[in-house]
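This report refers to the structure that appears directly beneath it.
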Amino acid sequence: MNDRIAELIRNAKPQAPSPDALLAALGSRGLPAASSSAVWLLRTAALFTLAAGIGAAAALLPRMGAEPPAASELERVSGLAARIELLESRVTPVTPEDVAAQETRIAALETQVYARTAIEQAVADYFVRRDAAERELWQQRHLEHVRRHYARDMEGTLAELKAQDLPEAKLVRAREILEQHGKDIEALIKQSYAQVGDHRRGHRDMHQQFASLARGAQDSLARVTGENDWGSLLGESPEDWAPTSEFEDLSDFDSMMNWMRRSSRG
Amino acid sequence: MAAEPPGSTRDDSLVDDARGGLPGSFETLVRRYHAAVYRQILVWVNGDHAAADDVAQETWWRIARGVKRFEGRSGFYAWACRIAHNESTRWLGRNARKPRLVPKPDEEHPADQSATGEAVRLALSRLPEKFATPLMLELWEDMSLKEIAHALGLPEGTVKSRLFRAREKFREVWDEMESES
């Protein structure tokens, strides 16, 4: 490395505060992980005592159930019997006309319920359509973003290979490998957006597949060039192609935009 | 700084312990990486120490709450840096419309006040995270290639290649800044 640049950066090293104040602040926000061993032991002891208390209470319960009913319980049961008798005496006989009227009323209410269900369905359909449109839009943005940056990275990689005096035939083959890698990446992104309903899982799978594609391309490139380490040139990290696992669904535009801003400076 | 001094507990073991609530494990991670994370944040928030304090606290709070979800696809430090970067971006977004005050001389951090130092940090903030991070770890935290590879969860060859490209990119940005001025 240019020593002047290294020295320049070294001299710009800023001071950092001690982590003690940070740990104290985290502890005051109720972060158990930042609390001391003594607090942890006290908490553990309290939980143990609570568990022992619950166990003892549970052991007593069967004995309490075996006791004969108290006088107050007998009074309560006889009071309930009297109330049932009173209610039964107030029941009036129902005529066929009454039943027909109730059926008519039920039918009217059911019609209203179905109408409401239809509106709910329409609203749900609208959201499905809106989500699909948003997904399409984000897919386009994502693909354009990746295409733009991959093309630039690919040309940079080929320029580096050329600078190393790689024969023309090998350069052509390297370009083919890199172009195919770009196509594979795009296909994978499209496939991820097609997984409707569980984007988080889709993105997680996608990350693993990015790594797998990069490994395949790296192997091919290594065979052509005789070099073994093309890791960063090919962007083996999933974050080169999509947001991290923090990107949980398509509504998390914040993460997507952060990622695009960050990677667009690459 | 050494990410993991010889004989000390590995990051992944500490993360496992922190997940299980073992006292002291999270604190060890904080003590190991706080300074490096803080310096990265400082670069992203334009050298504002008060902002860096707030963002660092929010970052570690999110790390502590999210450590159970950390799947280890990257190194712990790389994951922490991404959270720090997101938090810094949020902070910048929240403060973008506020009038920018001329920073007062910082008596607590006199070494951070030189114009060249500020320009270097500005140049670093213009590098992509994947290049700036290893560069800062190498030159500010004095980490070896092996230590950087472990902290970021990357092969050593990849770190070496990224450092090479980081230097190139820094030089480009630096030249651009010089021609602008």
Side-chain angles (χ1 to χ4, degrees), chain A residues 1-2 5-23 25-27 29 31-41 43-44 156 160 204 207-208 211 228-233 235-240 244-246 254-255 257-259 261-266, chain B residues 18 21 23-27 30-31 34-36 38-39 42-43 47 53 56-57 60-61 64-65 67 69 71 73-74 82-83 85-86 89-90 108-109 111-112 114 116-121 124 126-131 135-136 139-140 154-155 157-158 160-163 165 167 170-171 174:
Chain A
M1 173 177 191
N2 186 322
I5 294 282
E7 205 51 36
L8 198 64
I9 299 174
R10 270 205 187 92
N11 290 339
K13 176 180 175 178
Q15 293 173 11
S18 150
D20 293 334
L22 173 81
L23 285 163
L26 291 175
R29 285 175 74 172
L31 186 69
S35 60
S36 67
S37 305
V39 174
W40 186 80
L41 284 172
R43 190 185 301 118
T44 308
E160 285 186 36
R204 192 172 291 170
H207 281 178
Q208 289 163 358
N228 288 323
D229 182 23
W230 290 106
S232 67
L233 298 181
E236 83 296 345
S237 166
E239 286 71 31
D240 291 326
T244 66
S245 58
E246 289 171 346
D254 196 21
S255 296
M257 293 309 295
N258 278 347
W259 169 72
R261 267 197 295 273
R262 198 161 59 226
S263 57
S264 70
R265 292 183 299 189
Chain B
S25 48
F26 186 74
E27 184 181 332
V30 172
R31 290 190 184 282
H34 170 62
Y38 182 89
R39 278 191 263 271
L42 196 64
V43 165
D53 284 339
Q57 191 187 126
W60 283 106
W61 173 251
R65 291 179 64 193
V67 75
R69 287 186 286 115
E71 293 169 354
R73 281 200 302 261
S74 63
R82 277 201 300 277
I83 293 176
H85 192 274
N86 283 345
T89 308
R90 281 197 187 95
E108 284 183 37
H109 308 95
D112 299 355
S114 78
T116 311
E118 283 186 21
V120 167
R121 289 193 290 276
L124 285 170
R126 292 185 182 178
L127 294 188
E129 188 186 338
K130 69 177 178 182
F131 295 129
L135 197 59
M136 286 189 256
L139 297 176
W140 283 358
L154 294 170
T158 303
K160 197 172 175 182
S161 165
R162 281 196 188 175
L163 280 171
R165 297 187 75 183
R167 292 160 198 151
F170 182 89
R171 202 194 315 273
W174 188 253

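Letters A, B, ... mirror the listed sequences (proteins, then strands); counts begin at 1.
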Non-hydrogen atoms of [X] and [Y] that approach each other most closely:
X     : Y      : result
A/A12 : B/W140 : O-CZ2, 3.5 Å
A/I9  : B/V120 : CA-CG1, 3.8 Å
A/L26 : B/Q57  : CD2-O, 3.8 Å

Please classify the contact between B/L163 and chain A as side chain, backbone, both or neither, with a heavy-atom cut-off of under 4.5 Å.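 Neither part, no heavy atoms under 4.5 Å.
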
Verify, without hydrogens or angle tests, whether B/R39 (side chain) and A/K13 (backbone) share a donor-acceptor contact under 3.5 angstrom.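 Such a contact is absent between B/R39 side chain and A/K13 backbone.
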
In the structure I gave you, are the side-chain heavy atoms of B/V30 and A/L23 within less than 4.5 Å of one another anywhere?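 A side-chain contact under 4.5 Å exists here.
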
If you define the side chain from C-beta out and look only at heavy atoms, does anything of A/P17 sit under 4.5 Å from B/H34?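 Heavy-atom side-chain distance check passes, below 4.5 Å.
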
For A/L22, which atoms come within 4.5 Å of any heavy atom of chain B: side chain, backbone, both, or neither?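 Contact with chain B is through the side chain of A/L22 alone.
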
Let's go through B/R167 and A/I5 carefully: what are the C-alpha distance in whole Å and the side-chain angles of both, what is the deciding distance for side chain to side chain contact (heavy atoms under 4.5 Å, CB included) to 0.1 Å, and is it a yes or a no? CA-CA 8 Å; B/R167 292 160 198 151; A/I5 294 282; 5.8 Å; no

